[in-house]
Structures are given as structure tokens and as C-alpha cells.
Amino acid sequence: MIEILNPTLLARAKDTGALVADILQTLKSRSTIGTSLLDIDRWAKAMIVEAGAQSCYVDYAPSFGRGPFGHYICTAVNDAVLHGRPYDYTLADGDLLTLDLAVSTGGVAADAAISFIVGDAKPPESVALISATERALAAGIAAAGPGARIGDISHAIGTVLSEAGYPINTEFGGHGIGSTMHQDPHVSNTGRPGRGYKLRPGLLLALEPWVMADTAKLVTDADGWTLRSATGCRTAHSEHTIAITDDGAEILTLPK
């Protein structure tokens with residue numbers, strides 16, 4: 001299903017996006033050396049409930065996961081990259097942490113992810129991974145606008161990731177979003193320009209470049225959810241929800 005939002009729903013989407021961005025930035029500031037991933041999950045739940053919002057994750061049970069996710073945020077550390085299920089792990093100096101959050105308010109969802117390094121250590125490989133996903137995300141957003149096609153976004157993202165030297169996995173990527181978190185169209189992180197669905201004003205997309213340092217192969221953790229790099233290399237993931245407008249693309253999940 002591909003939804004095109006009317007102005008009323010688009011206004012709600014902006015509110016939801018702002019909430020997601022604010023929660024992520026608060027969690028980032030609290031995610032310091034010694035923080036447990038379970039603490040981050042509890043903080044996320046409290047902020048979602050306080051805002052009167054609904055989690056898109058806690059009851060989420062797609063075919064690729066093992067039962068309901070059961071948590072309020074995805075927390076992926078180092079070699080984990082997607083669908084990271086929080087567990088009793090304590091963050092250490094230099095850990096590369098990705099927080100991925102989706103909530104719904106007013107019947108409209110928004111989804112975003114940030115990757116950052118915990119503590120004072122700044123491993124060069126981790127800095128480069130994060131930078132590549134952020135640049136790829138910016139390129140994908142720049143390629144989005146009315147009349148452009150999904151392939152234009154995918155090509156822009158893939159060009160940045162490939163030029164940075166990273167393999168690209170095409171099993172998971174960006175997606176449409178609206179009354180539900182995951183909708184058509186799928187937005188691969190590599191592709192051919194001029195192909196795919198033509199973008200229209202009112203369409204919401206969650207764009208999410210993610211990479212692993214030296215492999216495109218994923219393995220699934222024993223928890224049935226967390227996806228890790230097959231080689232144990234580090235990973236990074238950046239995501240924004242955008243709205244296609246008459247003038248281009250508006251980022252809904254920018255922090256204040």
C-alpha cells in the first residue's frame with residue numbers, strides 16, 4: 001500500500017517526526033559509558049507514554065522476526081546494525097551505538113535512526129562509517145522531489161556508499177510510511193536512476209542508509225531479531241522520515 005497524506009495528516013506527521021527526533025536526542029545525551037541498553041529502552045518507553053504516543057515496535061511481529069519485538073527502541077552496538085533488541089549490555093568507551101525509533105501520534109508514524117560513538121574514544125573506522133551513512137542520507141534526500149523516482153534516491157544513496165568503499169546489502173532498506181510504519185514503496189540503498197515509483201506530494205518515505213565495514217552479509221542473533229555483520233565488523237545506520245512536497249523533500253525528524 002502506498003499512502004498519499006492530505007494536509008491534515010501531513011501536519012500530524014510533522015508532530016510525530018519532531019517527537020521522534022526529540023526522544024532520540026535525549027537518549028543520545030543519556031547514553032554514556034556504563035549505561036545499559038535496557039535503561040535506554042525504559043527511558044524510551046517513558047517518553048513515548050508521557051507524550052501520549054504509541055510505539056511502532058513493542059507489538060511488531062513481521063515475518064523476519066521471532067514473535068513480537070517486545071521493546072520500544074532498537075539498540076544496535078558495534079557489529080549489530082538492524083533490529084537490535086535491547087538486552088543487559090553496558091556501554092563502554094568507544095562503542096558505536098545505533099538508536100532506531102518509530103512511534104505513531106494522531107494516526108501517523110515517523111521513523112528515524114542515529115549512530116554515534118559512546119564516550120571520548122573516536123575510532124577512525126567508526127567515524128568513517130557514520131559519516132558515510134549521513135552523507136548518503138543527505139544525498140538521498142536531495143534526490144527526492146515531486147516527479148523524481150525511487151531509483152533516483154537509491155542511486156544517490158548507493159553512489160555515496162560505494163565511493164566510500166562499503167559493500168551494500170539490498171535485503172533491507174528504506175520504505176514508505178504513514179498510518180503504519182512499513183509500507184510500499186521499498187527504497188533500496190542502491191539502484192538505477194529513472195526507475196521505480198514516481199514521487200508525489202504527500203508521500204512519506206523513511207530513508208535509511210546502513211553499512212557494514214567489510215561485508216554485505218548479515219547474520220541473525222540468537223534473539224531472533226538482531227542483525228549483525230557476518231564478519232564481526234562494525235556497522236552504522238542513519239535514517240530520516242521525509243515528506244515529498246511541491247518544492248522537494250522536507251525532513252520531518254530533524255532535531256530542534
Side-chain angles (χ1 to χ4, degrees), residues 1-5 13 16-17 20-21 24 56-57 60 62 64-65 74 76 81-84 98-104 108-115 129-130 132-162 164 166-212 216 218 227 235-245 248-254:
M1 177 178 70
I2 298 177
E3 287 185 342
I4 302 298
L5 273 63
T16 308
V20 168
L24 284 176
C56 294
Y57 291 163
Y60 188 50
F64 56 78
C74 295
V81 64
L82 296 174
H83 313 152
T98 297
L99 301 178
D100 189 350
L101 178 69
V103 304
S104 178
V108 184
D111 191 359
I114 55 174
S115 288
L129 280 165
I130 295 169
T133 62
E134 291 175 344
R135 296 195 318 272
L137 180 56
I141 294 169
R149 294 187 178 271
I150 291 295
D152 299 328
I153 299 173
S154 297
H155 178 71
I157 290 172
T159 297
V160 173
L161 299 181
S162 294
Y166 297 118
I168 300 174
N169 176 291
T170 56
E171 295 173 78
F172 297 93
H175 51 90
I177 188 169
S179 59
T180 58
M181 174 175 59
H182 283 152
Q183 300 181 357
D184 291 331
H186 173 71
V187 187
S188 176
N189 284 328
T190 188
R192 298 175 63 183
R195 301 295 182 92
Y197 180 79
K198 183 181 288 188
L199 309 184
R200 296 167 53 191
L203 175 69
L204 297 190
L205 296 172
L207 306 184
E208 47 182 316
W210 60 274
V211 290
M212 301 176 283
L218 292 164
L227 296 178
T235 69
H237 175 197
S238 296
E239 179 179 14
H240 273 310
T241 294
I242 65 171
I244 305 303
T245 72
E250 180 179 358
I251 305 173
L252 305 186
T253 47
L254 276 176

Heavy-atom pair of closest approach, residues [X] and [Y]:
{"X": "S154", "Y": "V187", "result": "OG-CG1, 3.9 Å"}
{"X": "P146", "Y": "T245", "result": "CD-O, 3.1 Å"}
{"X": "L5", "Y": "G178", "result": "CD1-CA, 4.5 Å"}
{"X": "L207", "Y": "L137", "result": "O-CD1, 3.5 Å"}
{"X": "A109", "Y": "C56", "result": "CB-SG, 4.0 Å"}
{"X": "L203", "Y": "P185", "result": "CD1-CD, 4.4 Å"}

Partners passing side chain to side chain donor-acceptor pair (under 3.5 Å) against T159 (at least two apart in sequence or in another chain):
none

List for me each residue that meets side chain to side chain donor-acceptor pair (under 3.5 Å) alongside Y60, sequence neighbours excluded, and say none if there are none.
H182

Backbone of [Y] reached by a side-chain donor or acceptor of [X] within 3.5 Å:
{"X": "S115", "Y": "H237", "result": "yes"}
{"X": "N189", "Y": "G173", "result": "no"}
{"X": "T16", "Y": "V108", "result": "yes"}
{"X": "R149", "Y": "G196", "result": "yes"}

Mind checking what makes side chain to side chain contact (heavy atoms under 4.5 Å, CB included) contact with T190, not counting sequence neighbours?
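Counting only residues at least two positions away or on another chain, T190 forms a side chain to side chain contact (heavy atoms under 4.5 Å, CB included) with I168, T170, S188.
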
Test side-chain contact (heavy atoms from CB on, under 4.5 Å) on Y197 and I2; report intermediate values, then the result.
CA-CA 10 Å; Y197 180 79; I2 298 177; 3.7 Å; yes

Return the set of residues passing ring-ring contact (aromatic ring centres under 6.0 Å, His included) with H83 (not counting sequence neighbours), or none when no residue passes.
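With neighbours one apart ignored, the set is F64, F172.
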
Of all residues at least two apart in sequence or in a different chain, which pass the ring-ring contact (aromatic ring centres under 6.0 Å, His included) check with H155?
none

Pairwise distance CD1(I244) to CG(L204) - rounded to 0.5 angstrom
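Atom-to-atom, I244:CD1 and L204:CG are 8.5 Å apart.
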
The reported gap from NE2 in H175 to OG1 in T180 (rounded to nearest 0.5 angstrom) is 10.0 Å

Evaluate the side-chain proximity of I150 to D152: yes if any heavy-atom separation is below 4.5 Å, no if none is.
no

Using the salt bridge (charged side-chain N to carboxylate O under 4.0 Å, His left out) criterion, which residues pair with E250? Sequence neighbours excluded.
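With neighbours one apart ignored, the set is K14.
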
Could you tell me whether the side chains of D100 and Y57 share a donor-acceptor contact shorter than 3.5 Å?
yes

Pair E208, H240: side-chain N/O donor-acceptor within cut-off below 3.5 Å:
no

Partner of L205 under side-chain contact (heavy atoms from CB on, under 4.5 Å), chosen from I177, T241, D111, I153
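Between L205 and the candidates, side-chain contact (heavy atoms from CB on, under 4.5 Å) is satisfied uniquely by I153.
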
